[in-house]
Amino acid sequence: MITKTESDAPREIRDTGIRIIGDIRGPEPGATLICFGGIHGNEPAGILALEEVFRQLESAKEPLSAGRFIGVRGNLPALRRSKRYLEQDLNRIWTRTRIGQVCATAPGERSTEEHQLAEILTWLRELLEEGQPPFYFIDLHTTSSPTLPFVTMNDAVINRKFAQLFPVPVILGIEEYLDGPLLSYINELGYVSLGFESGQHQEPSATDSAVDFVRLALIFAGLLSDPGGRETRSRLANLREAAKGDAAFYEVYYRHALQSAREFRMVRGLKSFQTLPGGTLLAHDRDEPVFLKRKGILFMPLYQEQGEEGFFLIRRIAPWALKLSAWLRRFRFQDWLAFLPGIRWADGNTLLVNLRIARFFSKPLFHLLGFRSRHRGRSHLLLTNRERTARNADYRDTFWFSLKRPGRLR
């Protein structure tokens with residue numbers, strides 16, 4: 001393993017008022033990797049990790065072999081005050097409707113987080129117009145509870161393929177329960193985009209795992225050379241140890257929504273990926289006890305005063321289901337659904353399902369084909385599909401795109 005010199009680095013975030021942490025170009029054309037840290041202002045590990053990676057690169061004789069690497073600070077005012085957000089969650093307002101409203105609002109009338117969105121959006125649009133594809137986006141986060149490091153992502157095959165290179169758990173389906181994450185907006189544009197939750201907020205190990213993840217992403221995206229593969233093997237070993245050997249895929253199937261995080265109290269000592277028996281007391285929400293109805297796996301229990309989710313429940317996805325899903329999408333079975341009764345395209349990548357006519361279809365079937373629920377009414381269901389917007393052609397020449405057994409990297 002690589003010696004953890006990162007752990008000895010200063011743990012204070014530098015220059016919280018400056019948006020760009022670093023921007024380095026290699027001598028040859030190549031991919032563009034963009035990493036965000038501090039979208040939530042009480043999560044310093046991502047920024048600390050990016051500052052450390054840029055220190056390492058800037059001290060090297062040849063920082064990058066090709067391409068471009070950019071580190072971006074997220075919610076600058078919230079970072080200054082070490083708060084998740086000041087007025088509204090910056091990672092819940094990246095919907096097309098909300099973005100349109102922000103762009104139509106005079107700067108003096110925008111909220112703190114709307115200002116941050118507008119600045120990041122302007123920068124992002126300029127980058128995508130002028131930058132060099134393929135683009136990779138990573139959003140670095142931490143959790144309020146103890147956790148294994150894990151990846152969250154919108155369920156497109158290109159995201160799966162890239163995520164499988166990292167020996168950590170991968171969580172699918174969380175976008176079905178959250179409105180407006182930054183990466184969902186980016187994924188709708190068709191680019192590879194992963195969230196990486198590296199550990200608990202203030203744990204030094206969370207910064208170390210984020211450093212490992214970013215360095216590996218640089219290698220896998222072709223920006224950083226690794227002769228002999230020594231660094232790759234060492235950092236994979238670091239992440240594998242932090243994840244306790246768990247590199248399975250999981251799916252979110254329940255979200256405990258909150259009216260007020262201040263009135264919610266999680267039972268102390270619970271952690272992500274903990275399997276609990278039915279009947280376990282999980283929390284008190286507005287003085288009412290919350291019990292687990294049946295055996296389940298707990299995910300991201302809330303131990304902070306800001307947040308809209310008390311906890312999630314997840315289940316493991318069988319490998320055969322992942323393979324079947326990829327095969328169905330490869331032959332574009334999702335394109336044929338609109339020919340069935342009660343189903344039609346609402347737009348280029350959104351299905352409108354009439355539940356009175358197509359009630360025999362279940363969510364798992366739609367999930368297999370890459371659809372996730374965006375809105376459910378009494379009579380209709382709106383489902384979005386990432387495969388129809390995925391820019392697969394941008395990534396076809398990468399080593400990982402056609403890799404059938406990425407587990408061999410581990």
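- The structure places CD1 of Ile174 at 14.5 Å from OH of Tyr250, a figure rounded to the nearest 0.5 Å.
- Using a 4.0 Å cut-off between charged nitrogen and carboxylate oxygen, Arg92 and Glu309 count as a salt-bridge pair.
- Put simply, the side chain of Leu218 does not reach to within 4.5 Å of the side chain of Glu231, judged on heavy atoms.
- Residues Ile297 and Leu313 form no side-chain contact, since every pair of their non-hydrogen atoms from C-beta on lies 4.5 Å or further apart.
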Could you give me the CA-CA distance, side-chain angles and deciding distance for Gln306 and His40, then say whether side-chain hydrogen bond (donor to acceptor under 3.5 Å, both in side chains) is met? CA-CA 10 Å; Gln306 289 180 307; His40 290 141; over 6 Å; no
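- Rounding to the nearest 0.5 angstrom, the gap separating the CG atom in Leu224 from the OG1 atom in Thr232 is 8.5 Å.
- Using a 4.0 Å cut-off between charged side-chain N and carboxylate O, Glu51 and Arg73 make a salt bridge.
- Counting only heavy atoms from C-beta outward, the side chains of Thr207 and Ser198 never approach each other to under 4.5 Å.
- Residue Leu322 comes nearest to Arg160 through the heavy atom pair O-NH1, 3.2 Å, listed as atom of the first residue, atom of the second, then distance.
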Verdict with reasoning, Tyr136 to Tyr395, per ring-ring contact (aromatic ring centres under 6.0 Å, His included): CA-CA 10 Å; Tyr136 297 80; Tyr395 305 95; 5.5 Å; yes
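- The two residues Pro29 and Ala66 come nearest to each other via the heavy atoms O-CB, 3.6 Å.
- Using a 4.5 Å heavy-atom threshold, the side chains of Leu50 and Phe69 count as touching.
- Arg332 and Glu387 are not joined by a salt bridge, as no carboxylate oxygen comes within less than 4.0 angstrom of a charged side-chain nitrogen.
- Between the side chain of Thr32 and the backbone N or O of Gln132 there is at least one donor-acceptor pair closer than 3.5 Å.
- Looking at every heavy atom in both residues, Arg255 comes nearest to Leu178 through NE-CD2, 4.2 Å.
- The distance from atom CD1 of Ile158 to atom CZ of Arg391, rounded to the nearest 0.5 Å, is 9.5 Å.
- Environment of CH2 in Trp345: crowded, with over 12 heavy atoms of neighbouring residues, nucleotides or ligands closer than 6.0 Å.
- Between Arg329 and Asp155 a salt bridge is recorded (basic side-chain N to carboxylate O distance below 4.0 Å).
- Looking at Leu282 and Val267, their side chains never come closer than 4.5 Å, going by heavy atoms from C-beta outward.
- Ion pairing between Glu251 and Arg316 fails under the 4.0 Å rule for side-chain N and carboxylate O.
- Contact check for Met153 versus Phe162: no side-chain heavy atoms found under the 4.5 Å cut-off.
- Ring planes of Trp94 and Tyr185: tilted class, angle from 30 to 60°.
- Other residues, nucleotides and ligands place no more than 12 heavy atoms under 6.0 Å from the CZ atom of Arg81.
- Inter-residue side-chain proximity for Val214 and Leu140 is flagged as met; some heavy-atom pair is nearer than 4.5 Å.
- The shortest distance between side-chain heavy atoms of Arg19 and Leu76 falls below 4.5 Å.
- Summarising the geometry of Asp179 relative to Thr95, their closest heavy-atom pair is C-CG2, 4.4 Å, with the distance given to 0.1 Å.
- Ring pair Tyr177/Phe312 is perpendicular by interplanar angle, where above 60° counts as perpendicular and below 30° as parallel.
- Counting non-hydrogen atoms of other residues, nucleotides and ligands closer than 6.0 Å to CZ of Phe331 gives a total above 12.
- The CG atom of Leu79 sits 9.5 Å away from atom CD of Glu43, with the distance rounded to the nearest 0.5 Å.
- Taking the six-membered ring for Trp and the full ring otherwise, Phe273 and Phe150 have centroids separated by under 6.0 Å.
- For Phe311 and Phe299, the ring centers sit 6.0 Å or farther from each other.
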